[in-house]
Amino acid sequence: DTAVSQTPKYLVTQMGNDKSIKCEQNLGHDTMYWYKQDSKKFLKIMFSYNNKELIINETVPNRFSPKSPDKAHLNLHINSLELGDSAVYFCASSFGTGGEKLFFGSGTQLSVL
Amino acid sequence: GQNIDQPTEMTATEGAIVQINCTYQTSGFNGLFWYQQHAGEAPTFLSYNVLDGLEEKGRFSSFLSRSKGYSYLLLKELQMKDSASYLCAVNRPRGGSQGNLIFGKGTKLSVKP
């Protein structure tokens, strides 16, 4: 019954590794997002997809590659992980692309050692 | 540039009233959201203002003044469970019908007995 679900909840890995985070929403929303929340709790948008099409890419390093196989799924793959990538990554969805109310997943806490 | 300011931390007593302020300077404005985030959890929607004035929802109210670039969240009859971070977010238009939410850094509220 979870509206926006993401896995894994925790991810601990070594510098230089590649990892993926998966996200799925069952709300029937057209738009999905990845947000990054750093240690100071600042929540910043990374990407937004609408019906599988990338519509927002906020100057994120190209080591981060989102993929949306369909409008209910948005995954995030990160290559060559760096210490500064440690953060909580939230997936979210909304009805449209106009800045509507966001529904967030429970977050993935990524720790790069 | 985009600037959303809110106090970093606040403390209040159980049963009291607290007001959390948010000021913003953004390139465009299509509404303002307040989200609540408990430690280790996802942000959840509290309120939305697009027109000037007060929106009341139970113990929580939110006020907006677009001319002053100012909003506040008012929490009445504080309960211990209200201890959380409160995030102010502005819906910034991006052209056409698109927009996205820009978040402030959040106000950590501690409710004491």
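Note on naming: letters A, B, ... go to the chains in the order of the sequence lines (proteins, then strands), and numbering restarts at 1 for each one. Note: hydrogens, waters and symmetry copies are ignored here, and every other heavy atom, side chains too, is used.
A:F47 and A:L102 are not part of a single hydrophobic cluster, where members link through side-chain heavy atoms under 4.5 Å apart. No continuous path of hydrophobic side-chain contacts links A:L43 to A:L110 [ILVMFWY only; heavy atoms under 4.5 Å]. Two different hydrophobic clusters hold B:Y72 and B:F60 under the rule that ILVMFWY side chains link at heavy-atom gaps under 4.5 Å. A chain of hydrophobic side-chain contacts below 4.5 Å, direct or via other Ile, Leu, Val, Met, Phe, Trp or Tyr residues, connects B:L64 to B:I4. When hydrophobic clusters are built by joining Ile, Leu, Val, Met, Phe, Trp and Tyr residues whose side-chain heavy atoms come closer than 4.5 Å, directly or via intermediates, A:W34 is grouped together with A:I78.
For A:Y35, the part lying under 4.5 angstrom from a heavy atom of chain B is the side chain only. Heavy atoms of B:L87 lying under 4.5 Å from chain A belong exclusively to its side chain. Interface remark: A:Q109 contributes no atoms to any contact with chain B (heavy atom separation under 4.5 Å). Using a 4.5 Å cut-off between heavy atoms, A:E58 touches chain B through its side chain atoms alone. Both the backbone and the side chain of B:Q98 come within less than 4.5 Å of a heavy atom in chain A. Looking at A:I45, the atoms closer than 4.5 Å to chain B (heavy atoms on both sides) all sit in the side chain, from C-beta outward.
Side-chain contact check for B:Y35 versus A:F104: some heavy-atom pair is nearer than 4.5 Å. Proximity of A:K101 to B:Y48: side-chain heavy atoms (C-beta onward) are nowhere separated by under 4.5 Å. B:N100 is not listed as a side-chain neighbour of A:S48, based on a closest heavy-atom distance of 4.5 Å or more. Side-chain atoms of A:F90 and B:P43, non-hydrogen and from C-beta on, do get closer than 4.5 Å to each other.
Residue B:Q19 places its CD atom among more than 12 non-hydrogen atoms of other residues, nucleotides or ligands, all under 6.0 Å distant. Counting heavy-atom neighbours within 6.0 Å of B:Y70 OH, excluding the residue itself, gives a total above 12. The number of heavy-atom neighbours closer than 6.0 Å to CD of B:E77, taken from other residues, nucleotides and ligands shown, is 12 or below. Remark: A:K9 NZ is packed, more than 12 non-hydrogen atoms of other residues, nucleotides or ligands lying under 6.0 Å away.
Of all the heavy atoms in B:A42 and A:S106, the pair that sits closest is CB-CA, 4.1 Å. Closest non-hydrogen pair, A:F42 versus B:K105, comes out as CD1-CG, 3.7 Å.
Annotation: residues 12-25 of chain A contacts chain B through no residue [non-hydrogen atoms, separation under 4.5 Å].
The line from CZ of B:F45 to CD of A:E100 is 12.0 Å long, rounded to the nearest 0.5 Å. The structure places CZ of B:R94 at 10.5 Å from OG1 of A:T97, a figure rounded to the nearest 0.5 Å.
For the pair B:N30 (side chain) and A:G99 (backbone), a donor-acceptor distance under 3.5 Å is absent.
For the pair A:K41 and B:E9, the salt-bridge criterion is not met [side-chain N within less than 4.0 Å of a carboxylate O].
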